[in-house]
Amino acid sequence: ICIPAYDMGGQGGLYLKQSFEKLTEQSYQDFEVVVSDQSESDAVWRTCAAFSDRLDIKRVSFSEGPRQASANTNNAMRHARGEIVKILFQDDLLARMDALSLTAQVFDTEAVWMLCGSAVTRDGITAERPMIPRLNPQIRFGKNTVSSPSVLAVRRERALEFDEDLVWLMDVEIYHRLNFELGPPQIVPDVLIWNRLHTGQVSAAVSPELRKKELLYVRQKTRMMETLGNK
């Protein structure tokens with residue numbers, strides 16, 4: 001379980017605690033938790049320490065790294081040791097006690113990567129707007145029909161890193177790239193992830209200028225990638 005963490009407007013420790021509580025309730029317990037911590041406070045550190053007797057937690061300080069989710073997530077992935085890498089953003093939650101068990105079952109087959117269903121939550125208790133992930137030709141340009149990176153799991157030996165030049169499109173770009181390089185994902189339609197809605201979300205602060213810049217960047221990158229792939 002790879003968790004990129006930061007202060008999150010003072011709520012980072014609380015959100016991480018709620019996520020850890022869901023992890024302790026999982027029917028499948030053969031996993032480690034890697035927390036890449038960019039917090040300026042000690043809230044994330046204290047939360048990790050409080051759960052260290054119930055979860056196998058490896059907290060890695062990443063205070064000197066680029067302050068963006070793509071780089072922080074990559075750092076967590078680089079420190080993972082398990083066969084399967086499961087992304088779980090700090091403010092998101094596992095929706096069911098068998099979420100990891102169902103994920104592990106997918107990789108008992110020849111699956112290389114998977115996407116699962118999700119819903120949104122405002123209070124961490126109730127959820128709405130369930131969503132079954134699906135890829136579409138325009139996903140890399142922001143038409144996100146998959147959801148957040150928390151729905152993603154991939155074999156560690158085949159995992160691709162997030163593009164650290166991206167903020168707004170970091171998730172949809174990697175879905176497109178994974179599909180291009182590894183083939184279609186295994187889709188689990190069950191809602192296994194709750195994505196939390198709150199005012200501190202990075203997506204809420206994305207400027208029109210950044211959107212334009214990233215769209216141009218992704219257009220150029222994918223055009224070059226697909227041209228080379230066709231050769």
Side-chain angles (χ1 to χ4, degrees), residues 1-6 12-39 44-62 69-70 72-119 121 124 127 133 146-162 171 174 178 182 185-196:
I1 311 296
C2 294
I3 304 178
Y6 63 106
L14 173 62
Y15 292 160
L16 189 62
K17 175 179 180 293
Q18 294 174 347
S19 183
F20 281 176
E21 287 172 345
K22 296 290 187 181
L23 286 169
T24 64
E25 298 170 354
Q26 290 297 299
S27 58
Y28 181 92
Q29 284 290 317
D30 184 15
F31 64 90
E32 68 169 354
V33 183
V34 181
V35 178
S36 181
D37 186 7
Q38 291 194 314
S39 300
V44 169
W45 176 85
R46 286 189 287 105
T47 302
C48 291
F51 280 82
S52 61
D53 60 336
R54 286 178 280 172
L55 293 170
D56 178 8
I57 300 174
K58 180 196 295 185
R59 174 188 163 274
V60 181
S61 177
F62 196 50
S70 52
N72 206 15
T73 305
N74 286 341
N75 188 58
M77 293 169 64
R78 291 178 196 130
H79 286 85
R81 297 171 297 179
E83 180 183 348
I84 308 303
V85 169
K86 167 67 184 161
I87 308 299
L88 184 61
F89 273 16
Q90 177 183 4
D91 48 349
D92 295 337
L93 301 163
L94 294 179
R96 295 167 41 162
M97 294 175 62
D98 61 351
L100 295 186
S101 177
L102 292 173
T103 299
Q105 289 175 26
V106 168
F107 291 98
D108 286 339
T109 68
E110 297 300 313
V112 178
W113 67 294
M114 67 158 276
L115 300 169
C116 69
S118 64
T121 182
V146 168
S147 189
S148 79
S150 295
V151 306
L152 169 65
V154 59
R155 292 190 186 275
R156 182 166 59 88
E157 63 183 13
R158 303 293 302 277
L160 306 180
E161 291 196 344
F162 289 86
D171 50 1
I174 202 170
L178 283 164
L182 304 182
Q186 179 75 36
I187 300 292
V188 176
D190 307 70
V191 173
L192 305 185
I193 291 293
W194 285 358
N195 294 307
R196 190 190 302 266

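Looking at V146 and D171, their side chains never come closer than 4.5 Å, going by heavy atoms from C-beta outward. P185 has its side chain out of reach of L178: every pair of non-hydrogen atoms, C-beta onward, lies at least 4.5 Å apart. You'll find the side chain of E83 reaches within 4.5 Å of the side chain of R155, heavy atoms only. Between F20 and I3, some side-chain heavy-atom pair lies under the 4.5 Å cut-off. Inter-residue side-chain proximity for I1 and L100 is flagged as met; some heavy-atom pair is nearer than 4.5 Å. A 4.5 Å side-chain heavy-atom check between L152 and V85 finds every atom pair outside the cut-off. Between E21 and F51, the closest side-chain pair of non-hydrogen atoms falls below 4.5 Å. Annotation: side chain of R196 is not in contact with side chain of F89 (no heavy-atom distance under 4.5 Å).
Without hydrogens or angle criteria, K86 side chain to S150 main chain gives a donor-acceptor distance under 3.5 Å. In this structure, R156 contributes its side chain and R81 its backbone to a donor-acceptor pair below 3.5 Å. At least one donor-acceptor pair under 3.5 Å links the side chain of D37 to the backbone N or O of S39. The backbone N or O of L93 sits nowhere less than 3.5 Å from a side-chain atom of Q18 that would complete a donor-acceptor pair. Without hydrogens or angle criteria, T103 side chain to A99 main chain gives a donor-acceptor distance under 3.5 Å.
Judged by distance alone, the side chains of D98 and S27 never bring a donor and an acceptor atom under 3.5 Å apart.
To the nearest 0.5 Å, atoms OH (Y15) and OH (Y6) are separated by 9.5 Å. Rounding to the nearest 0.5 Å places SG of C48 at 12.5 Å from NZ of K58. Of the inter-residue distances, the one linking N74 atom CG with H79 atom NE2 reads 12.0 Å to the nearest 0.5 angstrom.
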